[in-house]
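This report concerns only the one structure given below.
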Amino acid sequence: MPELPEVETIARGLSKRVTGDVIESVWLGQKKEPLKSPASEIAAVLEQTRIATVRRMGKHIVFDLEHVNVGRTVPSAKSRRSKRNQRSTITQDKAQWIVHLGMTGHLQVCEPAIEIAKHTHAILKLASGRELRFVDSRRFGRLSVASSGDFDATGIEPLEVDLDRFIALFRGRKTPIKSALLNQKLLRGVGNIYADESLFRAGIRPRRRASSVTRERLGKLFLSVREVLTEAIALGGSSVSDYVNADGEEGFFQLQHRVYGRESDPCLVCKTPIKRIVIAGRSSHYCPKCQK
DNA sequence: ACTATTTCCTGGATGC
DNA sequence: TGCATCCAGGAAATAG
């Protein structure tokens, strides 16, 4: 289940492998769920572009693209003015491909000879001869394009927000603090694992109403979120279920989990058994003694 | 404007 | 072994 640290790790790995390569052609599968726009539109935006950068925004992977204009010349500003009626044929020179991995999404860079995995929804043929494939068994992942290159995810980056703005996010919210942490319109990138781990380190019960958490505790949470995400990125993310990075390597932050997936196990601080409850349909883990 | 609930999806685990 | 059932959960859609 890729959250911010996993997506960051994947984006960094992909950046090393495909930056500068050119997308020559695109095949998209028949399943419509993973596509946020019609397949023809997505293909048209991606084809004949150079991958300028690969980066993460929240849980999204953003490919910044530049059109390469093979086999045609971009009209000069002068001729553009003189042929206004052809304006619609002029292609934007910047675009973006936005990938959300959902629960089980993978991006693989491989040779064309490699067997096409079940649940492959997109294949981008690259000028280097390799292919960039999107595989997602559960189809919770999403592919979209921003033809003008102005994609902006909702919410604030948790590793960039300052303390005051962080505290303001929770003001007056009756929802459980855990739900607020998971709300991508507030903070972007925190998912179930890192919400639980951050709340444990801050000593806050996941069900506590966001508005009832003191400023002081929110300050602690602010630091915990940063700490947990930073440590997780350094360890390449958490490999639960089948997560691997762009090079097929596992992360190691799952070894640092203090509450997630540890139901009934002793709290590492006080030995009280870790509790598991369900909040908004998600399993939530906490220590009933250390978290208030 | 908020908040809570439901829905989408498949593979792996579990139970009988 | 087979078959049914449950569960994982991000985010959009829906309801209140």
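Chain letters run A, B, ... following the sequence lines, proteins first, then strands; residues in each count from 1. Just so it is clear, the values below take in all heavy atoms, side chains as well, and ignore hydrogens, waters and symmetry mates.
- In this structure, CZ of A/F134 is placed 14 Å from P of B/dC9, rounded to the nearest angstrom.
- If you check every strand for non-hydrogen atoms under 4.0 Å, A/S179 touches nothing.
- Nearest to the side chain of A/K174, among C/dA8, B/dG11, B/dT3, sits B/dT3.
- A/Y260 comes within 4.0 angstrom of sugar-phosphate atoms only, judged by non-hydrogen atoms across all strands, and of no base.
- Straight-line distance from the CD atom of A/E33 to the C1' atom of B/dT7: 12 Å, rounded to whole Å.
- Listed pair A/T175 / B/dA4 meets the phosphate criterion, a side-chain N or O lying under 4.0 Å from OP1 or OP2.
- Side-chain atoms of A/R139 and base atoms of C/dA11 include no donor and acceptor less than 3.5 Å apart.
- Rounded to whole angstrom, the span from the CD atom of A/Q184 across to the C1' atom of C/dA11 amounts to 8 Å.
- OP1 or OP2 of B/dG11 has at least one side-chain nitrogen or oxygen of A/K118 nearer than 4.0 Å.
- Following rounding to the nearest Å, A/N192 (CG) and C/dC7 (P) show an atom-to-atom distance of 15 Å.
- Between B/dG11 and A/H119, a contact under 4.0 Å exists linking OP1 or OP2 to a side-chain N or O.
- In this structure, the nucleotide among C/dA12, C/dC7, B/dA4 sitting nearest to the side chain of A/R276 is C/dC7.
- In this structure, A/I98 places its CD1 atom 16 Å from C1' of C/dA11, rounding to the nearest Å.
- If you measure from atom CG of A/L101 to atom P of C/dG10, you get 12 Å, rounded to the nearest angstrom.
- Residues A/T19 and A/V54 meet the side-chain proximity criterion, which asks for heavy atoms closer than 4.5 Å.
- The CD1 atom of A/I193 sits 8 Å away from the P atom of C/dG10 (whole-angstrom rounding).
- Both A/G281 and A/G172 lie close to DNA chain B; mapped to their nearest nucleotides by heavy-atom distance, the more 5′-ward contact belongs to A/G172.
- Nearest-nucleotide positions on DNA chain C place A/V278 closer to the 5' end than the other of A/V278 and A/K59.
- Among the nucleotides B/dA4, C/dA12, C/dA11, the one closest to the side chain of A/P176 is B/dA4.
- For B/dG11, neither phosphate oxygen OP1 nor OP2 lies less than 4.0 angstrom from any side-chain nitrogen or oxygen of A/R138.
- Contact annotation: A/R282 side-chain N/O to B/dT6 OP1/OP2 distance is not under 4.0 Å.
- Ring to ring, A/Y260 and A/Y286 are not that close: their centroids are 6.0 angstrom or more apart.
- Out of B/dC2, B/dT5, C/dA12, the shortest distance to the side chain of A/R173 is found at B/dC2.
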Could you walk me through whether A/L186 and A/F166 pass side chain to side chain contact (heavy atoms under 4.5 Å, CB included), step by step?
CA-CA 9 Å; A/L186 303 179; A/F166 181 86; over 6 Å; no
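- Annotation: side chain of A/I279 is in contact with side chain of A/R207 (closest heavy-atom distance under 4.5 Å).
- Nucleotide B/dC8 holds its P atom 12 Å from the CZ atom of A/R142, rounded to whole Å.
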Taking it one step at a time, do A/W97 and A/V62 satisfy side chain to side chain contact (heavy atoms under 4.5 Å, CB included)?
CA-CA 6 Å; A/W97 183 35; A/V62 179; over 6 Å; no
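- A salt bridge links A/E8 to A/R12: at least one charged side-chain nitrogen sits closer than 4.0 Å to a carboxylate oxygen.
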